[in-house]
Amino acid sequence: MRDAYHEELDSIGDALVDMARLVGSAIGRATTAILDADLKLAESVIGADDKVDDLQHDLEARAIALLARQQPVATDLRIVVTSLRMSADLERSGDLAQHVAKLTRLRFPERAVPHDLHATILEMGQLAQRLMAKAAEVIVTKDVDLALQLEQDDDAMDLLHRTLFQHLMDDRWKHGIETAVDVTLLGRYYERFADHAVSVAKRVVYLVTGEHADELQADVRPEIQAGVTAAES
């Protein structure tokens with residue numbers, strides 16, 4: 001019975017990893033779609049979000065059944081409750097990737113992103129995908145140091161987000177109000193996607209340690225901080 005119980009706990013973790021990998025792939029493909037005005041790819045991202053939703057619903061059903069049957073306490077209870085919260089973060093991430101794809105569809109056959117912002121949006125999309133890949137790795141490894149580092153990595157997304165606004169506020173902006181709205185929305189989608197990846201990592205910290213990530217952040221090993229600094233330079 002205990003073996004079956006722990007297999008169920010493990011299966012919840014596996015579902016989280018699957019969700020993280022799916023939404024990471026989705027944001028990457030959505031970025032390609034919006035930059036290339038690729039309607040077929042955009043539609044595939046939109047349709048694939050159903051799989052993420054199905055995984056979340058299945059995970060919730062299994063977690064609730066586990067709570068009802070086993071009445072877990074202490075660490076096991078923390079695993080179940082935290083997993084439910086992570087699944088919500090991941091489901092929302094999938095929605096954000098879908099929003100990027102829907103904007104592609106809305107503006108097709110035109111491109112929503114002007115040429116002079118192509119590189120910035122591409123970098124935001126690639127960074128979002130890397131952050132979610134790292135979040136998936138954190139779920140698998142339960143590596144607290146890596147999880148804490150993720151929040152530092154997110155600073156690069158915040159910088160890119162600010163760069164978009166600098167373009168929008170520039171007197172030389174020549175792409176009109178509609179494009180300005182599109183770019184504003186895109187920046188928000190990527191910034192929020194990154195925030196959800198960070199949130200997943202923080203929840204793993206709580207799952208492993210029983211402490212919130214913010215309480216541990218000051219104790220991050222100096223070599224990790226040094227590594228983040230080196231990566232940013």
Between [Y] and [X], is there a side-chain heavy-atom distance shorter than 4.5 Å?
X: Leu131; Y: Phe193; result: no
X: Tyr189; Y: Ile27; result: no
X: His196; Y: Leu96; result: yes
X: Val200; Y: Val138; result: no
X: Leu117; Y: Leu186; result: no
X: Gln70; Y: Asp76; result: no
X: Asp182; Y: Arg107; result: yes
X: Val52; Y: Leu90; result: no

Does [X] use its side chain to pair, donor to acceptor, with the backbone of [Y] at less than 3.5 Å?
X: Gln98; Y: Ile46; value: yes
X: His161; Y: Met157; value: no
X: Ser87; Y: Leu84; value: yes

Salt bridge (Lys or Arg N to Asp or Glu O under 4.0 Å) partners for Glu191, two or more places apart: Arg188

Same cluster (ILVMFWY, side-chain, under 4.5 Å), [X] and [Y]:
X: Ile121; Y: Met169; result: no
X: Leu9; Y: Ile64; result: no
X: Val140; Y: Leu55; result: yes

Candidates Arg172, His175, His167 - the one meeting side-chain hydrogen bond (donor to acceptor under 3.5 Å, both in side chains) with Asp116: His175

Salt bridge (Lys or Arg N to Asp or Glu O under 4.0 Å) partners of residues 31-49, not counting sequence neighbours, each pair once: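 Output for this query lists Glu43-Arg105.
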
Derivation and outcome, side chain to side chain contact (heavy atoms under 4.5 Å, CB included), residues Thr31 and Tyr190: CA-CA 10 Å; Thr31 301; Tyr190 287 115; 2.7 Å; yes

To the closest 0.5 Å, what do you measure between [atom1] ([X]) and [atom2] ([Y])?
X: Arg192; Y: Ser199; atom1: CZ; atom2: OG; result: 8.5 Å
X: Arg203; Y: Arg78; atom1: CZ; atom2: CZ; result: 14.0 Å
X: Leu106; Y: Lys102; atom1: CG; atom2: NZ; result: 11.0 Å
X: Leu16; Y: Gln56; atom1: CG; atom2: CD; result: 10.0 Å
X: Thr104; Y: Arg29; atom1: OG1; atom2: CZ; result: 12.0 Å
X: Leu207; Y: Lys142; atom1: CG; atom2: NZ; result: 6.5 Å

Stepwise salt bridge (charged side-chain N to carboxylate O under 4.0 Å, His left out) check, Arg162 with Asp158: CA-CA 6 Å; Arg162 289 195 296 271; Asp158 294 335; 5.5 Å; no

Glu151/Lys202 salt bridge by N-O under 4.0 Å criterion: yes

Lys/Arg N to Asp/Glu carboxylate O, Asp89 vs Arg85, below 4.0 Å: no

Heavy atoms of other groups near Lys51 NZ, more than 12 under 6.0 Å: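 12 or below, so no.
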
